[in-house]
Amino acid sequence: MLSKYPYLRQDFLASIVVFLVAVPLCVGVAVASGVPAELGLVTGIVGGLLTGLMPGSSLQVSGPAAGLTVLVFEAVSEFGVAALGVIVLLAGLLQLAMGFLKVGRWFRAISVAVVEGMLCGIGLVIIAGQIYAAAGLKAPKTGIDKVAGLPGAFADALGSTEALASLAIGAGTIAVIVLWKKTPKAVQSVPGALAAVVLATVISLAFNLPVASVEVEGLLGVIQPPGAEAFGELANPAIWGTVIAFALIASAESLFSAAAVDRLHDGPRTQYDKEMIAQGAGNTVCGLLGALPMTAVIVRSSANVGAGAKTKASRVLHGVWLLLFAAAMPWALALIPVPALAGILVHAGWKLIPFRQITALWQSHKSEALILVVTAVSIVAVNMFEGVLIGLALSVVKTAWETSNLKTEVIDKGAGPLQVHLSGNATFLRLPKILDSLEALPQDRPIEVNLSGLHHLDHACRTALENWAERHSAPDTEPVKVVTATT
């Protein structure tokens with residue numbers, strides 16, 4: 001048996017560690033997303049049993065992700081929990097299509113600044129929203145309102161014994177997770193998030209603290225395949241933007257996670273298109289079950305690698321343990337204090353903010369750092385999808401500006417025509433500079449414009465040059481002579 005499965009022991013032990021990390025995160029993400037806690041476990045189970053079996057990336061683990069919490073909450077608020085399954089189903093089918101069309105590898109071309117900005121913005125919104133949950137207060141809907149309302153929320157909490165007790169549980173949870181890394185290695189074999197939740201649960205029960213706990217409906221009770229009414233929401237054009245956002249952001253997070261996990265081990269490298277298909281298959285099934293969307297998640301994946309996993313067996317087994325837990329011990333979920341889960345997510349949101357990357361980018365590429373910050377602020381101020389689009393647009397404009405290098409040289413030999421040499425790339429972004437140089441030339445001299453040094457001349461610049469030449473060629477002067485570019 002052992003000769004046939006040489007890494008069975010390592011994979012078995014790793015699966016236990018990943019399972020212990022996954023339980024509080026699956027439940028916490030579900031609660032923060034505004035859906036029953038069990039739906040987070042359903043997504044984790046599908047991520048282990050289905051996506052875990054498929055080829056793509058051998059060691060990364062899939063499940064509900066903190067990075068999609070904001071988007072899921074917005075979707076549930078706007079379209080309802082019943083429509084969530086339809087959105088996730090269509091996002092999964094879109095991921096499958098992208099995988100079969102071999103689009104997966106192209107996600108590696110997305111600007112790192114935009115991705116880091118996306119994670120930063122998500123982290124800020126998660127932190128702001130979960131502070132309300134930690135205090136037992138209702139959070140405003142939009143990211144900007146969450147941030148703006150924090151002073152008032154703290155003021156309200158200071159006047160309420162229940163809110164202070166709830167905040168204390170949340171703050172204590174964060175403290176345990178942070179300080180857990182300083183405990184002996186033997187103690188650290190228990191994941192800090194799990195230890196924090198257990199301690200918070202014991203304390204709240206022992207002292208009968210007035211804090212909210214997780215509401216439990218039972219695993220089978222929450223699985224609601226989308227019906228005709230949910231599919232009727234597809235007539236709303238707004239839902240299609242959410243579907244695209246789910247598919248693109250989940251794919252980007254999964255594939256960037258795969259690249260990060262590949263740096264942690266020496267095993268087989270990720271096959272990006274196959275991983276896209278695996279994620280798409282998982283989300284399709286999650287959609288059919290009415291569960292949360294899944295992505296590959298770096299916290300569980302790094303725990304898997306760090307625990308010594310060697311094959312995909314560890315992530316499949318973690319799905320088995322999640323299924324057994326959800327089926328046999330659902331009552332345990334009802335004991336967990338909501339502020340403890342909020343504390344886990346505040347810590348997760350903090351880890352999403354790339355402080356080191358921002359500093360490094362500012363020192364080496366200030367424009368990239370600006371894109372990162374603008375993307376993050378846009379996500380907080382507007383929403384996830386539009387914030388990412390703003391970041392991508394800025395990245396494209398920056399790249400276009402940097403690649404459209406243009407040199408304008410005017411040569412006056414005293415006699416004969418003025419010679420204007422353009423070299424480099426003439427795009428619409430450089431059009432003001434070109435026209436300023438040409439319109440400053442004297443009207444009473446013949447002019448020769450040499451475009452042979454241009455690598456690229458776009459339509460806007462060509463049209464503007466032709467119009468300028470026509471205007472400049474007065475009836476009593478020689479026509480402007482244009483030497484066409486060689487390409």
Side-chain angles (χ1 to χ4, degrees), residues 20-45 47 63-77 80-81 84-85 88 122-123 125-141 146 153 162-163 165-167 169-174 177 193-194 196-198 200-201 204 209-219 221-224 286 289-295 297 299-300 322 325-326 329-350 352:
L20 294 176
V21 172
V23 169
L25 288 173
C26 286
V27 175
V29 168
V31 173
S33 300
V35 302
E38 293 90 342
L39 287 183
L41 292 172
V42 172
T43 299
I45 292 166
L68 283 176
T69 301
V70 178
L71 194 59
V72 174
F73 184 83
E74 291 176 354
V76 171
S77 300
V81 177
L84 180 62
V88 177
I122 292 169
V125 176
I126 288 173
I127 291 170
Q130 292 307 303
I131 288 175
Y132 291 90
L137 302 173
K138 185 176 180 180
K141 288 187 177 181
K146 287 183 176 72
E162 291 81 1
S166 190
L167 273 175
I169 291 291
T173 301
I174 296 171
I177 295 173
L194 180 69
V197 167
V198 171
T201 303
S204 64
L209 296 178
V211 297
S213 60
V214 176
E215 296 180 7
V216 178
E217 297 182 28
L219 194 62
V222 299
I223 295 177
Q224 297 290 339
C286 285
L289 297 175
L292 288 172
M294 75 164 60
T295 73
V297 275
V299 175
R300 273 155 275 186
L322 283 176
F325 174 84
M329 299 178 63
W331 53 267
L333 298 178
L335 303 176
I336 299 174
V338 170
L341 298 177
I344 289 176
L345 286 168
V346 167
H347 182 259
W350 181 263
L352 287 175

Minimum heavy-atom distance [X]-[Y], with the two atoms named:
{"X": "A291", "Y": "V88", "result": "O-CG2, 3.8 Å"}
{"X": "G40", "Y": "A30", "result": "N-CB, 3.7 Å"}
{"X": "G34", "Y": "V81", "result": "O-CG2, 4.3 Å"}
{"X": "I169", "Y": "A340", "result": "CG2-N, 3.9 Å"}
{"X": "Q130", "Y": "A32", "result": "NE2-CB, 3.2 Å"}
{"X": "G129", "Y": "K146", "result": "CA-CD, 3.6 Å"}

Using 0.5 Å steps for rounding, measure from the CG atom of L137 to the CG atom of L167. 7.5 Å
In Å and rounded to the nearest 0.5 Å, what is the NE2 to CD1 distance from H347 to I126?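 Answer rounded to 0.5 Å: 13.0 Å.
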Between the side chain of [X] and the main-chain N/O of [Y], is any donor-acceptor distance below 3.5 Å?
{"X": "S213", "Y": "A334", "result": "yes"}
{"X": "Y132", "Y": "A153", "result": "no"}
{"X": "S166", "Y": "E162", "result": "no"}

For Q224, which residues count as a side chain to side chain donor-acceptor pair (under 3.5 Å) partner, sequence neighbours excluded?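 Expected list: none.
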Please identify each residue that fulfils side-chain contact (heavy atoms from CB on, under 4.5 Å) with I131, with sequence neighbours left out. I127, L150, F154
Quick one: side-chain contact (heavy atoms from CB on, under 4.5 Å) partners of V72, sequence neighbours excluded?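 In terms of side-chain contact (heavy atoms from CB on, under 4.5 Å), with neighbours along the sequence ignored, V72 is linked to S33, L68, V76, L84, F246, L292, P293.
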Applying side chain to side chain contact (heavy atoms under 4.5 Å, CB included), run through I344 and L25 and close with a yes or a no. CA-CA 7 Å; I344 289 176; L25 288 173; 3.6 Å; yes
